[in-house]
Amino acid sequence: MKFATWNVNSIRARLDRVLEWLDRVAPDVLCMQETKVTDELFPREPFERRGYRVMAFGQKTYNGVAIASRRPLESTERGFAKHCADPGCRLVAATTADVRVVNVYVPNGRAVDSPHFAAKLEWLRSLRRYLDDVARPTEAILVCGDFNVAPEDRDVYAPELFRNQVHCHPEERKALVEIAEFGLVDVFRRHHAESGLYSWWDYRLGAFHRNWGLRIDHIWASESLAARCTSVSIDREARKGKQPSDHAPVVVEIA
DNA sequence: ATGGCCGCTATGAGCGGA
């Protein structure tokens, strides 16, 4: 079983690239972020033609998350307003392929000295409270998406440049650790220890060409599920070519 | 090869992304 997460940076702008990728990689489940579209305008048909069900939770212009799955999407949840003061269209959850999938798009935070950064920290803390309330670490659960946090310096192309900056600030890294302490494993890091492996590269300055990137897109799994992971990869191919997203998909194979 | 920002909007400049 293949589960993937990808910040597509507008599903309508990226539709051809996403469909081409689905046809090539054929994941069982694809979690998308930054769909930037309301639910009635989400392009469901091409997914359904390929045998995927789609669950979308979006808004105009910004944010937006969606799950496409070849298996039924059950016990669906849109957002977590009960647990978060300002959730946005940034979390969607469903049980599919016998896994509880929580798909998140964590706020960017913009700058450490901005109120948006405080809101990001609060959002991350809310996610932990949400997990405590609705999930159990003993179940098969995946929490994946664009976390907008590089967990460690090996996830950053220039750690000294990003020291105490947004994506790398100790406070957000701590909030991420606290989410992990619910009982989740960063499955990418369980399979790959080296630095230089990223999931996002700026569109500017030939950043992808220079591998100036960050690993901010993650798949976290409960221990029982992590134990079934046979491989985890970042598909850099999807960042190449014409009109790519600035993020690459992360794919986990589960036995 | 994979380059020089991109996508969005009661667009035509400004905002947000990361």
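Basis for what follows: all heavy atoms, side chains included, without hydrogens, waters or symmetry-related copies. Convention: sequence-line order gives letters A, B, ...; per-chain numbering from 1. From a predicted model like this one, the values you see are computed outputs, not experimental measurements.
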Is there a side-chain contact between R14(A) and the phosphate of dG7(B), meaning an N or O under 4.0 Å from OP1 or OP2? yes
In terms of relative ring orientation, are F162(A) and H167(A) parallel, tilted or perpendicular, with 30° and 60° separating the classes? tilted
dC8(B) and dT2(B), which share atom name C1', separated by this distance in whole Å: 25 Å
Could you point out which residue of E139(A), E77(A), E74(A) forms a side-chain hydrogen bond (donor to acceptor under 3.5 Å, both in side chains) with R100(A)? E77(A)
Where is the tightest heavy-atom contact between G88(A) and N63(A), given as atom of each residue plus distance? CA-ND2, 4.5 Å
Stepwise side chain to side chain contact (heavy atoms under 4.5 Å, CB included) test for E34(A) and S10(A): CA-CA 6 Å; E34(A) 273 206 275; S10(A) 171; over 6 Å; no
If you assign G241(A) and P244(A) each to the DNA chain B nucleotide with the nearest heavy atom, which residue ends up on the more 5' nucleotide? G241(A)
Protein within reach of the bases, or only the backbone? For nucleotides 8-18 of chain B, mark each nucleotide 5' to 3' as B, S or -, using heavy atoms under 4.0 Å. SSS-----SBB
Considering only the C1' atoms, how many Å lie between dC15(B) and dG4(B), rounded to the nearest integer? 22 Å
Are W21(A) and D235(A) linked by a side-chain donor-acceptor pair shorter than 3.5 Å? yes
Please give the distance between the C1' atoms of dG7(B) and dG12(B) as a whole number of Å. 15 Å
Check whether the ring centres of Y157(A) and W200(A) lie less than 6.0 Å apart, and answer yes or no. no
Measure from CD on Q33(A) to P on dG7(B) and round the result to the nearest Å. 17 Å
Rounded to whole Å, CD of Q243(A) lies from C1' of dG3(B) at a distance of 16 Å
dG14(B) to dA1(B) separation - C1' atoms, rounded to the nearest Å: 34 Å
Whole angstrom is fine here: how far is it from CZ in R239(A) over to C1' in dG3(B)? 10 Å
Between dA10(B) and dC6(B) - P atom distance, rounded Å: 22 Å
Between dA1(B) atom C1' and R210(A) atom CZ, what is the distance in whole Å? 15 Å
Show your working on side chain to side chain contact (heavy atoms under 4.5 Å, CB included) between V65(A) and V104(A) and close with a plain yes or no. CA-CA 7 Å; V65(A) 283; V104(A) 302; over 6 Å; no
Take the protein atom NZ of K242(A) and the nucleotide atom P of dC5(B), then report the distance between them rounded to whole Å. 19 Å
